[in-house]
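First listed ligand is number 1; within each ligand, the first listed atom is number 1.
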Amino acid sequence: MISFVMFDYTRLFPVTLNANWLTEPHLPLSPELKSWLYDGGSLTARLKEHCHQFEVIVLGQSEQLCSAQEACSHIKEGESVIVREVLLLCDGKPQVFARSLMPLSTLTGDEACLAGLGNMPLGQAIFNSPHLQRGEFSVAKFSSQSNVAQLAEQLELTPQHELWGRRSIFFLHDKPLAVAEVFLPQALAYQAMEASA
Ligand SMILES: C=C(O[C@@H]1C=C(C(=O)O)C=C[C@H]1O)C(=O)O
């Protein structure tokens with residue numbers, strides 16, 4: 001695994017995510033992986049429970065037009081969004097790659113500050129809001145040819161198995177914000193899988 005002190009991870013941005021997102025409930029996955037994929041709480045908070053030092057590394061953030069691939073019923077193709085890509089690390093080990101789409105029309109009022117999170121975890125900013133709701137999860141498998149698997153290789157995290165991720169839409173004061181998270185190799189989410197391998 002690389003040393004993040006010297007690595008210019010900003011050159012990785014944008015990683016992007018092209019996925020076949022599935023909503024079917026009965027996928028043949030380990031109970032541990034399912035518990036991470038479908039956990040409705042803050043992923044930041046859950047990761048913090050498992051490590052001494054939690055860190056967000058921002059790969060990049062930019063204003064883009066939502067692509068057809070990422071558009072959904074709440075965020076339309078061509079809509080202006082802020083794209084934010086981060087790595088979440090526990091004790092220096094990358095656990096999650098996350099890509100969020102924040103429509104400019106969402107970044108108003110109490111939510112305007114989300115455009116300037118920096119290294120603050122998005123979850124830390126939104127899970128305290130009484131005006132937060134979350135839609136259903138969809139999940140996807142990422143092959144060794146996927147952009148996120150190539151990201152893992154660049155981070156010298158050798159995939160031992162396929163990578164899994166989840167996507168959901170948050171609503172803050174009824175305004176949408178899409179968050180996709182992929183568990184990187186050696187993530188805690190796979191530990192039961194690796195132990196039984
Ligand atoms: C939504 C959450 O925030 C996490 C942190 C993110 C960020 O800082 O960009 C993005 C997605 C999540 O993995 C969460 O903690 O559940």
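Note: no N/O pair closer than 3.5 Å links Val179 and ligand 1 by distance alone. Geometrically, ligand 1 and Leu43 share a nitrogen or oxygen pair separated by less than 3.5 Å. Ligand 1 has a nitrogen or oxygen under 3.5 angstrom from a nitrogen or oxygen of Glu181. Between Gln124 and ligand 1, not a single N/O pair is under 3.5 Å apart. Checked against a 3.5 angstrom limit, the closest N/O atoms of Leu122 and ligand 1 fall inside it. Inclusion of Ser100 in the set of residues having an N or O under 3.5 Å from an N or O of ligand 1 is not warranted.
Using a 4.0 Å cut-off between a side-chain N of Lys or Arg and a carboxylate O of Asp or Glu, Glu181 and Arg99 do not qualify as a salt bridge.
Between His131 and Phe171, the ring centre distance reaches or exceeds 6.0 Å. Ring-centre distance between Phe183 and Phe142: not below the 6.0 Å cut-off.
For Leu88, every heavy-atom contact with ligand 1 shorter than 4.0 Å involves the side chain, none the backbone. Of all the heavy atoms of Val86, the ones lying under 4.0 Å from any atom of ligand 1 belong exclusively to the side chain. With a heavy-atom cut-off of 4.0 Å, Arg84 touches ligand 1 through its side chain alone. Only side-chain heavy atoms of Ala98 come within less than 4.0 Å of ligand 1; its backbone N, CA, C and O stay farther off.
Other residues, nucleotides and ligands place more than 12 heavy atoms under 6.0 Å from the CD atom of Gln64. At most 12 heavy atoms of other shown residues, nucleotides or ligands fall within 6.0 angstrom of atom NZ in Lys141.
Among all non-hydrogen protein atoms, the one lying nearest atom 3 (O) of ligand 1 is Gly123 N, 2.8 Å. Summary of contacts: the protein heavy atom closest to atom 4 (C) of ligand 1 is Thr44 OG1, 3.5 Å.
The contact set between ligand 1 and Pro121, taken as ligand atoms under 4.0 Å from a residue heavy atom, comprises 8 (O).
Of all non-hydrogen atoms in Glu85 and Val15, the two that sit nearest each other are OE1-N, 2.6 Å. The minimum heavy-atom distance linking Leu101 with Ile75 is given by the pair O-CD1, 4.0 Å.
Aromatic ring orientation, Tyr38 versus Phe137: perpendicular (interplanar angle above 60°, classes split at 30° and 60°).
In the model, Arg134 has a side-chain atom that pairs as donor or acceptor with a side-chain atom of Ser168 under 3.5 Å.
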